[in-house]
Structure formats: C-alpha cells, structure tokens
Amino acid sequence: MIENLNKTIYGALGEQKVEKTLRILSDDFILINDFCCSFSPPIRNKANNDSIHSIQIDHLLISTAGIFLIETKNWSDKSINNLDLRSPVEQILRSNFALYKLLSEKKTKRNWNFARQHWGDRKIPIKNIIVFTNNKPVEEFQFAKILTLTELIPYIKYFKGSFTSDEMEIIAEFLLKHSEQKKTFSKLKC
C-alpha cells in the first residue's frame, strides 16, 4: 500500500512540475489539467482490437497550432526498464485515438465555423507528448514525442498556428463539457 501511495505522490509531483513549466507560456494557450472522459458505448479501435471505455489525460494544451496531449512520467531508470509497467506510448496513442474520434464526431455534428475552409474540412491536429521529469529513455517512438521539462516549451513554440483565439475557446469549451472533472479551463499568463 505504501509503495502504491509513493507512486501516486511521485506522479502528482511530476504533473505539478509540468503544469508549472506550462504556465510560462502566454495567454495564447489554454490549459486543461486532468482531463477524464468516459464513453458509452465504448469507442472501438479495430486496429488494436480495443474498446475504450474511458481516458485520463494529464494535460491538454490547446493552442492555435492544435491540441498538445501531454502525459507526464516521473520515473526512475528502474521504472523505465520495468517490463511490467504499461507503456506510456501505448497509453498516449490510445488517448489520442479516443480524443480524435470525439472531436471528429462532434465537429461534423456541430458545424463549427472553423471546420470548413474553401478546400474542405480543416484538421484539428493532436500532438502526443510524453514528458519525463526525472529520467528519460534514450529511444524515440512512432507518433509520440519524448521530452524532458527543459525541452517542452521550445517544442510547443515550434509549431505555427492556424486557429484563432475564439476557435481555441470553442474547442476548450467542448472538451470541458465532456470532461468528468467539470473544471474550468485557464488561459495561461506570462
């Protein structure tokens, strides 16, 4: 029981470090912490033979460049090399799939003003980031960027935007309506 409590505390400390780092960003970003969402009926991912009943995402950072899905790991080298621990890459890809399905379905039904451009429907990009606050694996992985705290902000700022502040707020409000945490979002301040 104490070991599980320690893991929870270490995880929470890592998430606090990431949140503090993200607060450096300007108010051009919207941050939703601890996004939880359940699906009934579950979302079916045929490629992985997976039924997704719920997801929990440490941080959703909404920007003019899209959504940054951020998972935090405050792991030791021992944890990184522990084959019994669930893969954070699989975890973030699973969450990305569910979030993509949720946004795609609602974007079509809601007729969001920004969803059409004269060439067709605009994409809401979702970028997967796993931030390691303690030790970081040396490997790189498909469809997920592995970063340290010091690499996080430059990586986020690298991407150019195509959405307006109003469009960002539409996305954030929609996601909050589906979040089980029922928190309000916060625009980040310098």
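Note that the structure is a prediction, hence the values are computed from the model and not measured.
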Starting at [atom1] of [X], measure out to [atom2] of [Y] and round the result to the nearest 0.5 Å.
X    : Y    : atom1 : atom2 : value
T148 : L152 : OG1   : CG    : 8.5 Å
I67  : H59  : CD1   : NE2   : 15.5 Å
E173 : M168 : CD    : CE    : 11.5 Å
L69  : I57  : CG    : CD1   : 4.0 Å
L176 : I171 : CG    : CD1   : 12.0 Å
T133 : L13  : OG1   : CG    : 8.5 Å

Side chain to side chain contact (heavy atoms under 4.5 Å, CB included) assessment of T164 paired with T64: CA-CA 6 Å; T164 66; T64 59; over 6 Å; no
Answer whether the closest heavy-atom distance between the side chains of [X] and [Y] falls below 4.5 Å.
X    : Y   : result
W75  : P88 : yes
P137 : I80 : yes
S79  : L85 : yes
F29  : I62 : no
I30  : L61 : no
I156 : L22 : yes

K73 NZ/CZ over F132 ring centroid, <6.0 Å and within 45° of normal: no
Nearest heavy-atom neighbours spanning [X] and [Y]:
X    : Y    : value
V89  : A144 : CG1-CB, 4.3 Å
Q56  : C36  : CG-SG, 3.5 Å
S38  : S54  : OG-CB, 3.8 Å
A98  : I55  : CB-CG2, 3.8 Å
N33  : R23  : ND2-NH2, 4.3 Å
F163 : G66  : CD1-N, 4.3 Å

Worked check of ring pair (Phe, Tyr, Trp, His ring centres under 6.0 Å) between F68 and F159: CA-CA 11 Å; F68 294 91; F159 295 95; 5.8 Å; yes
Common cluster, L149/V138, ILVMFWY with side-chain heavy-atom separation under 4.5 Å: no
Residues, nucleotides or ligands: over 12 heavy atoms within 6.0 Å of K101 NZ: no
Y100 atom OH, over 12 foreign heavy atoms within 6.0 Å: no
Derivation of the side chain to side chain contact (heavy atoms under 4.5 Å, CB included) call for L25 and K157: CA-CA 9 Å; L25 294 167; K157 287 184 172 182; 3.9 Å; yes
Check: D28/S26 side-chain N/O donor and acceptor closer than 3.5 Å: yes
When you measure from the side chain of [X] to the backbone N and O of [Y], does any donor-acceptor pair fall under 3.5 Å?
X    : Y    : result
D58  : T72  : yes
N128 : F143 : yes
N45  : A47  : yes
N96  : I92  : no

Salt bridge flag under 4.0 Å for residues E90 and R94: no
Pair K145 + E151: basic N to acidic O under 4.0 Å: no
Check against side chain to side chain contact (heavy atoms under 4.5 Å, CB included), L60 and L175: CA-CA 9 Å; L60 286 178; L175 291 171; 4.0 Å; yes
Audit row: L103, F174, side chain to side chain contact (heavy atoms under 4.5 Å, CB included) steps and yes/no: CA-CA 9 Å; L103 286 167; F174 169 77; 3.8 Å; yes
